[in-house]
Each structure stands twice: as C-alpha cells, then as structure tokens.
Amino acid sequence: MTKYIFVLTLFTCSFAIGQNSFKAIIKNGETKEILVGASAQLINSSNEKTSNEKGFLELNNIPNGIQKIKFSKIGYEPKTETYTFPVNDTIQIVLTEKGETILEEVVIESTRTSRSIKNTPTRVETIEAEELEEKGNMKPANISMVLHESTGLQVQQTSATSGNASIRVQGLDGRYTQLLKDGYPNFGNFASGLSILEIPPMDLKQVEVIKGPASTLYGGGAIAGVVNFISKNPKEKGEYNFMFNQSNIGQTNIGAYASKRKGKFGYAVLGLVNFQKSYDVDKDEFSEVPKSNNFTFNPRLFFYPNENTSLMIGNSFTKGNMKGGDMNVIAGNVDANHTYFEQNETMRNTTIIEFNKKFNNKNNFKIKQSLSYYDRKISLPNYSFSGLNTNAFSDISYLWNKEKQTIITGINLLYDNFKQRNTDALNSASFTSGVYIQHTWDISEKIKLENGLRLDNVNYSNNNFFKNQTFILPRISALYKISTHWSSRIGGGFGYKIPTIFTEKTETMQYQNILSLNNVEAEKSIGGTLDVNFKSLIFNDLLFSVNQLFFLTDINKPLILQNNNADYFFTNSAKNVVSKGFETNLKFIFKEELKFFAGYTFTDAKANYLQGNQFLPLLPKNKVNLALIYEKENNFKFGLEGYFTDHQYLYNGTETPTFWEFGFMAEKTVNNKLSVFVNFENFTDTRQSNYKTIVNPPRNNPTFDDIWTHTEGFTINGGIKIKL
C-alpha cells in the first residue's frame, strides 16, 4: 500500500499559564505536495485546526505534559502521534498510508462549493449513508421513512386508499418544498403527489436539507426549503449490493446496486422491484395499504478522459401501478354493492447528461441537462384524470476558487408543460430563465459569509390567461465560529412559487371539479433561519452536541382553494401565511457505539385568511423525535425509536388526539458481506382507525377523513443484504 508522510515543522511557544502552541506544515509523502484541508486535533478536546493553502496549521492553548494529536485528511489514513509539551523546535515526521475508505467528513453538494459541512455558511442538514441504509431496512421501496423521522420534516399522506404523500418543511404545504435528485428539479407539479414514493434509498449517498429560502441556486419553489437526494458515484473499488425484504402486510422488495470505476470508464446501475398486496387492518373491507407493483431501473455511464474531466449520461425509468379502495373490487369481485376503487398508473423516464471540467487553478466548469416525462392516470368509478407532464432543465455554471473566496455564477432554463388527456381544460405551461451568482468568503478563520443574487423571468399560461413576472431574489447567510465549542449560522432570503393546480388539497380530490387557473399570480415569500451549535466532550468517551434552530417564513398573496357550488377554483389571498417556530436537536455519542438522539419541533403556522381557527390543517404544534442506537461496527446493531405528535386540526376544524409511536430494529452482520435485519415498526399499533373509521358511507361512493396518523398500524419486515 502506498505510503504518505506528514512532514511537520514544530515550534515551541510557552505561556505563563503553561499553555503551548503546535505548528505544522503537512505534505503528501509521495509527491511532496502540500495538503490543504488536512486537520490536526488534540485528542480528548475539540481543539482542532485545518491546514491553509500553504499546508500550514497551528494549534494553540495546549497544556504541558504528554498530549496526543490526531492528523487526518479525506483520502488518507488518520494517524495519532504523542508529544510531550513543551516540545523542542524540531521537525516531526508522521507516516500515514492511503486508506481503503474515506474519512467520514461530510462534504456538501447542494451549495456547489464542495465544502465540508462545518465550513459551509448556509445551514445544511444531512442524512448520511449509514442512516439511509438503516431507514432503507424499514422501507426499501422509497425514502418516505427517512424523511418522516427527521426533525422539522413531515411526510403528509394525502390519500386513504392510494397512500399518496408529500413533504412538508416547517409546517408549510408540500408545494413550497423543492425536491431535487442530484440537483435536478424533476419532481414537481403533476408528479408531486407521488414523488417521494418513487425515490428509492438504495443508490443514495446522502440527503441534504436546506430549510428556509434557497432561491439563489434553485429558483422558484424553494420557499420552505430544498431536499436534495445525492446519488452514489462509482469508485475504483467496486460496490455490489443486493437486498431482499418481506413484510407481514404483503410487501416484497428485491433490489440490486452495482458501481465501479476502471480507468477512463465507470458505471452505476440500480434495479429495484416492489410488490405490495392490498391490506385491510381494521376489517372494514377498505384497503389501508393499496395493492401495488413498481419497477425502477437507473443506469449511469461515466467517462473520464483525464482526471480533471468527466462526462456522465444516465437514464432513470420507473413504472408503477397502485390500486386501493374496496377490497372486493381490488380482488376482482365487483358487484352492485362493491364498486369503489382508486387507481394510479404512472410512468416516469428521466434522461440526464452532465459534463464537468476542473482546471489546474481549481476552477470548475459544469453543464447539466435533464429531460423528464411523467405519465400518470388516476381512475375512479365513472371518473378518470390523466395527463403527461414534460420537464426540461438546463444549467451552465462556472466556479472560481480563490484563496479565501469562492464564486459561482451561471444560467439555467426550466420548461414545464402539462397536457391533460381527452380535454385541454387544465393544460398549462411555464418557462423560467434565470441567472445567478453566489459568493462565499472566508473573512477570517472564525467568520464565513455566503451571499447570492438571482434574477428569474417566468412565463406561465393556460387556456385562460398568460402572465409574465420577473423576480429579484437576494439571499445571505453567515457562519460564526465563536470558539472551538460554539458556532452560529444566520441566513435569509426571498422566494416565490408560480401558481399551480397541483397541491396537497387537490390531490386528495383527484382533481375532480377543479377549474383552470385564471387571473392569479405567483406567491412571494421572505424568510430566514438562525441557529446556535455547541459540541464538546463531556467525558473522555462521551461526545455531546446540541443545535438550536429558529425559523420564520412569511408568504405573501398565498394561493388558496375556494368553491362555488360544485366547482373549485384558486385565488390569491390578500392576507398572508406565516410559519415560525424552532427546532432543538440533542446528540450523545459514547465510544462511537452507543448513540442517543433527541429532537423537538415547535411550529406555529397560521393562515391569516382563515376565519376563526387560523392554524394550518394537519400540522402538529409540537413534535418529539427520539432514537437510541447501539452498534458494534461490522457486527450488530440495535435501535429503538419513539415519536410524539401533538394535536392537529383537520380541514373541517376538528382537533385530533395526540399520539406516540414506537419502533425497534435489529441487524446482524456476518463476515462484512452478509447481514440479516428485522424491523418492528409502530409496535404499539398507533393508527387512525383506532379512533374512528376513515371511510364514510355510502360504500359505493364513500368520502374519506383527512389522514393525520398511520393507517396501516403495526408492521413487521425483515430480510437480507449482501455486499460484495
């Protein structure tokens, strides 16, 4: 294995109180090239520094006596050396080898600056590979479980029979959250009600969440925030994973992922098949879980002409069919008393091309292009709604990397077109052209600033009207490293969302009796977040951290649904929607084996246009997330989780009860290749039908209560995973 050498130049600096400094220049032992971004950390403390562009770093306030310092950098094996302070003014040499695995330093991709999370001014939360794999054990078919159990996020089920769902951030309607896959916005409008049910976690490297306005790079729709699903890329060491899962409610999942880079070529391919039998937990002869089957095939090919240039071409194809409703109808036994069903047939095909060129001065040029087709048909007795949604996205950007500054600028184009079948009543189209610039500045080692400006011009139209609007979207965020233990981020900006008939509420209605938009305009917002972080070792082996976030979003001229007899239409309200609150996240880690997480979310979101009770429907004011995990790496893992949800108000003003839900999971690994897992989800059997039946008569033309908790109740699933 190739060996590398850290060459360290040491100096002595004694203080009257017995404190010392440690200075080092860190180099690659084989090439003698200086290593920028390498770190040195005093063991059993949070005293850590990172090497600058000259490979230099300095640790201060080191006590006298024997001390250990850990040196690390992504792609290099960490090494710990022992020194007796004060040290002599001599050169110390630390040997290290390139590791088989990369150090677990989280690099953020959503801000496009390739910075580690601890040096990114914009507040970004990450759900990393380990947690994605754990949640994937619970629900391999899609990422809904990953998001459902994250602080400040809410997966809102919109249909009692089909299981459709959307993502809410900070209590706001799902249409205000921008969903991205590797930075591509292909999951909006007609696809929004089913999007999170069509994204599997098996090929994801991490999920990045930006809460609050994120308009500079991503434009319209990012009012509440951005959720970016980041795919794995091939490495020289191949990755070959296989998974099989079975549940007690009739779900079967079979999936495989393979990737490898060899020389100038690489590939990554995901294949996943999911089958679900219809499931009626409360024996009312209506399904809580629909009968479904879907298939995903996602190959990507990579070409590397040289180490600074890459070209990626990929295509993702998903086809699904879900049918819920009367259990007799689902089974094919239709008669005069059994006729009701709801069926969703979908097909999504997305083609992407991405070119990336890095220059010797660390600048970067990138071109991204995607074309997506989403075909969906909703069928009910005596009613159907179907159409084709076409989405095309282009982005060209250039990144300048200076000594203490990073500038990214670019242009992008977004075209979205919906064509309804059999009629053109709800046809619509939009075209957005945008130009943006974002500047990240390391003012000092303690203060880092990121600001951006975006200019969007949007045309949107249907058969009734055409409208053109221009938006100027400033955004700013800052990171202040108060000390080695404390840091704080603050950020804010403007956002907008162009009008659409595809919302959570109209999804529950299957778009029946919805009139085309007319004389409406885009919703606009202003919002911001402020957080404070603390991280420290309580004892030698116990790491404690806390993050306290405050948020505020104000939406002007919100689009609201109104009715006139049997018809429903949208108008802009003169009164705004305001969501404010805070999140608290606590983390305890003991010896990297025992981990405890606690999260609390307080959300006060009101629609001022509502009469009387102005709280947004289906939104708990208080929510608690708890998780306790014990793990022996490459051996076994146990996890216990608990979630509390406060009262919610339904659309008719009824208040729901509070509830707890609990889950337990276990996984055993054999020879680092084979693992067996089992998951007991919601083992306290919390479900809505324990309080009241969701289906209201008549059964041939039923109405359904709003969904405010689990419908399927207690479930058990288990399976095997193979990693080669």
Side-chain angles (χ1 to χ4, degrees), residues 139 142 144-145 148 154-166 168 173-174 193-194 196-197 247-251 276-292 322-331 333 337-344 378-381 383 503-512 561 616-620 643 645-661 681-715:
K139 188 160 285 190
N142 59 70
S144 60
M145 185 64 71
H148 170 69
Q154 180 184 0
V155 175
Q156 180 59 52
Q157 185 174 336
T158 56
S159 172
T161 53
S162 70
N164 300 1
S166 64
R168 291 185 173 188
D173 191 284
L194 288 169
I196 64 171
L197 302 182
S247 79
N248 70 310
I249 63 172
Q251 183 183 80
Q276 172 68 62
K277 296 179 181 179
S278 56
Y279 181 64
D280 176 18
V281 64
D282 57 4
K283 308 305 178 185
D284 65 350
E285 295 189 334
F286 272 79
S287 64
E288 274 71 48
V289 179
K291 178 183 179 181
S292 66
M322 297 190 303
K323 189 173 184 178
D326 191 309
M327 295 291 287
N328 291 277
V329 177
I330 298 172
N333 302 319
N337 296 318
H338 301 279
T339 61
Y340 186 82
F341 68 93
E342 180 182 336
Q343 186 169 9
N344 272 271
I378 304 171
S379 300
L380 285 79
Y383 172 80
T503 68
E504 287 181 9
K505 186 59 179 175
T506 55
E507 177 77 30
T508 66
M509 302 163 61
Q510 297 87 29
Y511 310 107
Q512 296 184 73
L561 185 65
L616 292 184
L618 303 174
L619 173 65
Y643 304 92
T645 302
D646 199 4
H647 299 282
Q648 305 167 65
Y649 289 99
L650 306 182
Y651 280 95
N652 62 11
T654 303
E655 187 179 46
T656 70
T658 64
F659 61 90
W660 279 91
E661 54 184 296
E681 188 65 27
N682 188 18
F683 59 75
T684 50
D685 196 30
T686 299
R687 53 187 165 90
Q688 192 164 329
S689 59
N690 285 336
Y691 301 89
K692 178 189 174 297
T693 180
I694 300 173
V695 185
N696 303 307
R699 65 176 304 113
N700 282 348
N701 187 26
T703 59
F704 299 89
D705 289 354
D706 301 324
I707 307 300
W708 51 268
T709 186
H710 290 277
T711 57
E712 71 276 15
F714 173 40
T715 62

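Qualifying side-chain contact (heavy atoms from CB on, under 4.5 Å) partners for Tyr691, counting only residues two or more places apart in sequence or in other chains: Pro657, Phe659, Trp708.
A distance of 12.0 Å separates OG1 of Thr715 from CZ of Phe683, quoted to the nearest 0.5 Å. The CH2 atom of Trp660 sits 9.0 Å away from the OG1 atom of Thr645 when rounded to the nearest 0.5 Å. Between the OG atom of Ser144 and the CD atom of Gln157 there is a distance of 9.5 Å, given to the nearest 0.5 Å. We find the CD-NZ distance between Glu681 and Lys139 to be 7.5 Å, quoted to the nearest 0.5 Å.
Few gaps surround NZ on Lys505; more than 12 heavy atoms of other groups in view lie less than 6.0 Å from it.
Side-chain atoms of Glu504 and Gln156 include no donor-acceptor pair closer than 3.5 Å.
A donor-acceptor pair is defined here as one N or O able to donate and one able to accept, closer than 3.5 Å; such a pair exists between the side chain of Tyr383 and the backbone of Gln510. The closest donor-acceptor contact from the side chain of Asn328 to the backbone of Glu285 lies at 3.5 Å or more, if one exists at all. At least one donor-acceptor pair under 3.5 Å links the side chain of Gln154 to the backbone N or O of Leu618. The backbone N or O of Phe714 lies less than 3.5 Å from a partner atom in the side chain of Asp685, making a donor-acceptor pair. Under a 3.5 Å cut-off, the side chain of Asn333 and the backbone N or O of His338 do not form any donor-acceptor pair.
Considering every non-hydrogen atom in both Asp706 and Tyr651, the closest pair reads OD2-N, 3.1 Å. The shortest non-hydrogen separation linking Pro381 to Phe341 is CD-O, 3.3 Å.
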Worked verdict on Val155 versus Met145 for side-chain contact (heavy atoms from CB on, under 4.5 Å): CA-CA 8 Å; Val155 175; Met145 185 64 71; over 6 Å; no

Verdict with reasoning, Leu561 to Met509, per side-chain contact (heavy atoms from CB on, under 4.5 Å): CA-CA 12 Å; Leu561 185 65; Met509 302 163 61; 4.0 Å; yes

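Counting only heavy atoms from C-beta outward, the side chains of Asp326 and Thr339 never approach each other to under 4.5 Å. Using a 4.5 Å heavy-atom threshold, the side chains of Glu342 and Met322 count as separate. A 4.5 Å side-chain heavy-atom check between Lys323 and Ser287 finds every atom pair outside the cut-off. Annotation: side chain of Asn696 is not in contact with side chain of Phe704 (no heavy-atom distance under 4.5 Å). Inter-residue side-chain proximity for Ser166 and Glu507 is flagged as unmet; no heavy-atom pair is nearer than 4.5 Å. Taking the side chain as every heavy atom from C-beta outward, Val281 and His710 never approach each other to under 4.5 Å. Residues Leu619 and Gln648 fail the side-chain proximity criterion, which asks for heavy atoms closer than 4.5 Å. The shortest side-chain heavy-atom distance between Ile330 and Ser278 falls under the 4.5 Å cut-off.
When each of Asp284, Thr703, Thr711, Asp282 is tested with Ile694 by the rule side-chain contact (heavy atoms from CB on, under 4.5 Å), just one qualifies, namely Thr711.
Electrostatic pairing of Glu288 and Arg687 does not count as a salt bridge here, judged by no charged N lying under 4.0 Å from a carboxylate O.
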